Amino acid sequence: MTTRRLVLTRSAAVVGAASTGLLLPQIVRAQSGKIRVGLMLPYTGTYAPLGVAIENGFRMAIDEKGGKLGGREIEWFKVDDESEPPKAVENANRLVQRDKVDVIMGTVHSGVQMGIQKVARESGVLSIIPNAGVHAATRALCAPNVFRTSFTNSQPTLALGKPMWDRGIKRAVWITHKYAAGDEAFEGFRDSFTKAGGTVVKELGLPFPQVEFQALLTEIASLKPDAVACFFAGGAAAKFIRDYAAAGLKGKIPLYGSGFLTEGVLDAAGPAAEGIITTLHYSDSLDTPRNKQFRLAYAKTFHLQPDVYAVQGYDAGQLLVIGAGAVKGDLGNKQVLYKAMESAAIDSPRGKWTMSKSHNPVQDMYLRVVEKGENKVIGIAAKALADSGAGCKMG
Ligand code: PHB
């Protein structure tokens, strides 16, 4: 709001001239009347489908409410962040400094999110995180202008250890892409699995976004654990599932994971995905009118099946609609805006959820199994699970 450019408008100059009788140009504030929304998401690379699903869901939530925010039209700005952390600050600054967006909605990759958080903290721009689970964003680096509609990286896996133990798994191997998302997912898994009684016999990893799994799968075969648990997402998840089966491990060593493993990839993974058990805050098969209506509308609009990323984008849209509505489109009215977003109860396809004090969803975690190409709910692994928000001091 404070950074609006000053422009000379022809109509203002004419009105001025008519009313004063003088032909003086007048400087007036541009009143485009539009809210400037910046999308910073991956549109290339292994996480590209996640970025697309998030944008689809986000636009759908806003369109369902008339396509405006607090009565104002929207001007869209987009950046492909490529899931490249070294480019993150520059990309976020393109939206904030050059395009002067009122809100930055992004992103998927935890490393890139850290760049967005730096820019959001420095500029004070409203930041809505529709996926990236990096702990710091709603822990030590939490801020009044930063809201997450997805999860923290350890949230899904905090619900995974106990169901594995209950299925007789005593020794497990962990495998992941080595960066914040995988490492923090491991924290949740290690804590819940060891607390239940289990032992993590080995932690394996490879750099993001590499997908050469062969040597690691050979190592798993020789370790002979009771099960494998993992964090992979997007294109890499589909390949990991297929390679796991091709290596002869499927049916011998059961595969578990945080539920991203089986989101948006079931067509690509094919029969290799059948039987994989995961925990996540969403499931295709949630048998609620809200989820069914959402899935139908999404499929009709985009000719795609929605996944957890679409839901998180949709909820980011719902949250922004609520916030902008409370301030009638004046996103500069920060106190009222933040209050409305903090106290929002989101009626999500995943089930209703609320914001924790540190601005992260308090939500149920579902236990799911892949059956006939679908993520089927087989139980609730954790009820109203909140992240600790450790180290978060607002203000
Ligand atoms: C992340 O980098 O935080 C991340 C990426 C993809 C997911 C989940 C988390 O599916």
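If you're wondering where the values come from, they're calculated on a predicted model, not measured in any experiment. As the structure lists them, so they are numbered: ligands from 1, and atoms in each ligand from 1.
- The nearest protein atom to atom 7 (C) of ligand 1, hydrogens excluded, is given as N131 ND2, 3.6 Å; this is a heavy-atom distance.
- Summary of contacts: the protein heavy atom closest to atom 1 (C) of ligand 1 is V108 O, 3.1 Å.
- Interface of Y47 with ligand 1, defined as ligand atoms under 4.0 Å from a residue heavy atom, comprises 5 (C), 6 (C).
- From K383, atom NZ reaches atom CD of Q363 across 11.5 Å, with rounding to the nearest 0.5 Å.
- Counting protein heavy atoms only, atom 3 (O) of ligand 1 is closest to S110 OG, 2.6 Å.
- Contact check for T152 versus Q155: side-chain heavy atoms found under the 4.5 Å cut-off.
- Here's the thing with H109: none of its N/O atoms is less than 3.5 angstrom from an N/O atom of ligand 1.
- Within the listing of ligand 1, atoms 3 (O), 9 (C) sit less than 4.0 angstrom from a heavy atom of N153.
- Of all the heavy atoms of A233, the ones lying under 4.0 Å from any atom of ligand 1 belong exclusively to the side chain.
- Only the side chain of F151 comes within 4.0 Å of ligand 1, counting heavy atoms alone; its backbone N, CA, C and O stay farther away.
- Looking at E374 and K376, a side-chain N of the basic residue comes within less than 4.0 Å of a carboxylate O on the acidic one, giving a salt bridge.
- Interface of A181 with ligand 1, defined as ligand atoms under 4.0 Å from a residue heavy atom, comprises 1 (C), 2 (O), 3 (O), 4 (C).
- Rounded to the nearest 0.5 Å, atoms CD1 (I62) and CG (L69) are 5.0 Å apart.
- Here D99 does not pair with R94 in a salt bridge; the nearest charged N to carboxylate O distance is not below 4.0 Å.
- Counting atoms of ligand 1 from 1 in the listed order, those under 4.0 Å from a heavy atom of G133 are 3 (O).
- The structure places CZ of F294 at 11.5 Å from CG of L286, a figure rounded to the nearest 0.5 Å.
- With respect to atom 2 (O) of ligand 1, the closest heavy atom belonging to the protein is Y179 OH, 2.6 Å.
- For atom 10 (O) of ligand 1, the nearest protein heavy atom (residue, atom name, distance) is Y309 OH, 2.8 Å.
- Remark: the backbone N or O of Y282 is paired with a side-chain donor or acceptor of R368 at under 3.5 angstrom.
- Relative ring orientation between W174 and F189 is described as parallel, the plane-to-plane angle staying below 30° on a 0-90° scale split at 30° and 60°.
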